[in-house]
Amino acid sequence: MANRLDVVVFGATGFTGRLVAEYVNATYGVGKSVAWAIAGRDPAKLAQVRDRIGAPASLPLIRADASDASSLAAMAAQARVVISTVGPYQLHGEPLVRACATGGTDYVDLCGEPLWMARMIGALEAPARASGARIVFSCGFDSIPFDLGVLFLQDEARRRFGAPLARVRGRVRVMKGTFSGGTMASALATIVEVRRDPAAARAMADPFALTPGFRGPRQPWSSVAEYDDAVQSWTAPFVMAAINTKNVHRTNALLGHPWGRDFVYDERMATGDGERGASRARRLARVERFMGTLLGFGPTRELLRRFALPKPGEGPDRAARERGRYEIGFTGDTAQGQRLRAVVKGDRDPGYGSTCKLVAEAALCLADVGRRTTPGGVWTPGAAMGMTLTRRLQERAGLAFAIED
Ligand SMILES: NC(=O)c1ccc[n+]([C@@H]2O[C@H](COP(=O)([O-])OP(=O)(O)OC[C@H]3O[C@@H](n4cnc5c(N)ncnc54)[C@H](OP(=O)(O)O)[C@@H]3O)[C@@H](O)[C@H]2O)c1
């Protein structure tokens, strides 16, 4: 490992990958404390990205194509950690994550595609354990703030009450930001798979789809507006709950169920109290159902993709990224009825301005966490790096974790 680059950003020519490269360049420079490179399938495009982000000509460029296994193995062999922003992962992701898992290179990504992750866990847990590679999916807005938010709250509960929280509610209070073309492409690829295959639809609805061999109790879920007494707010379904809840349960399982085998967790948007909160919750629930119907139907999905949704390579501009922010409240109860609340806040828009910092710092954090502490395997961010990552993201990535007394 001694002569390897610390980090390679694969997909640097895409919308999110370029932001990751820009962040690493602005924060760590080139030829200084972090040895890094950018990678992609088109060397000319990579050179343009290097110039556009203001990096010097000494920043290494690596040619690798997601459909060329030997180029991926060669790239993985040069790195301690590969960051992949080449999605949809279910279309392009497997050869690289396989090369890392078998070759012993650590890997982080921005995957929010649970059906693919479930397949990769089944296929790659054994080779990753054997090679020592730590594979960590979902290192962006989904699912770091949620995964670490629950971990942070549970840590404090065990300190204060000597017991874990049996029930936690994640409630998104503020989420200012939009989606990129790559994120829409990934969501559409999942919708197509769910419509085609009833088993995929069942797995998508299953909060324990990422904990093979373990099923906990029934978890709350509702597609309509509901008032939540515990947070005194109206609530609506949250679009990313399907991925985050699975990752949170996987963290509990990977850590040996410190929060109990009966742990219950759900995520919703909190829209406020009173008639205004109620009508906002009803509107959000209607929009989510309407979009589900439109996107679930092939011809309307195709029309939206062509004429309304952002294309690959497109996403929110700098002003929108800088205006964005998010805030998530977590409310937990022990089996004895003690209650604890926490809040996680992030600066910048969740999907891009914040995500590019989260994934870059997660990769650097993983490189620092020894293989004795976290051995090879397929991990979640919370189980692999826990409070070490929480502290690092507070210091460097604009996240704030606090207990609300
Ligand atoms: N979890 C989160 O919070 C979060 C946030 C943001 C994004 N994401 C995910 O990140 C992924 C990327 O999103 P995006 O908007 O950045 O997408 P994008 O702009 O379309 O970028 C896709 C990248 O993949 C590359 N690529 C495609 N096929 C390739 C191949 N065969 N070999 C090598 N590279 C290939 C593209 O290279 P070319 O330039 O050569 O075409 C481009 O660099 C999506 O899956 C999205 O869901 C997740």
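All residue numbers refer to positions in the sequence shown, counting from 1. Both backbone and side-chain heavy atoms feed into the values below; hydrogens, waters and symmetry mates do not. Every number for a ligand or one of its atoms is a count from 1 in the order of the listing.
Taking every non-hydrogen atom of Ser180 and a distance limit under 4.0 Å, the qualifying atoms of ligand 1 come out as 14 (P), 15 (O). Heavy-atom proximity to Tyr89, at under 4.0 Å, picks out these atoms of ligand 1: 45 (O). For ligand 1 and Gly140, the ligand atoms under 4.0 Å from any heavy atom of the residue are 3 (O). Close contacts of ligand 1 with Thr16, meaning ligand atoms under 4.0 Å from a residue heavy atom, involve 6 (C), 7 (C), 13 (O), 14 (P), 15 (O), 16 (O). Listed by atom number, the atoms of ligand 1 under 4.0 Å from Asp65 heavy atoms are 30 (C), 31 (N), 32 (N). When each atom of ligand 1 is checked for a heavy atom of Gly313 under 4.0 Å away, the hits are 18 (P), 19 (O), 20 (O).
Within the set Met240, Arg63, Lys311, Arg41, the minimum heavy-atom distance to atom 28 (N) of ligand 1 is found for Arg41. For atom 9 (C) of ligand 1, the nearest non-hydrogen atom from the set Thr355, Leu110, Thr190 belongs to Leu110.
The closest approach between any non-hydrogen atom of Gly11 and ligand 1 is below 4.0 Å. Residue Gly351 places a heavy atom less than 4.0 Å from ligand 1.
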Evaluation steps, side chain to side chain donor-acceptor pair (under 3.5 Å), between Arg280 and Thr271: CA-CA 6 Å; Arg280 209 176 142 230; Thr271 56; 5.4 Å; no

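In terms of protein heavy-atom proximity, atom 22 (C) of ligand 1 is closest to Thr85 O, 4.1 Å.
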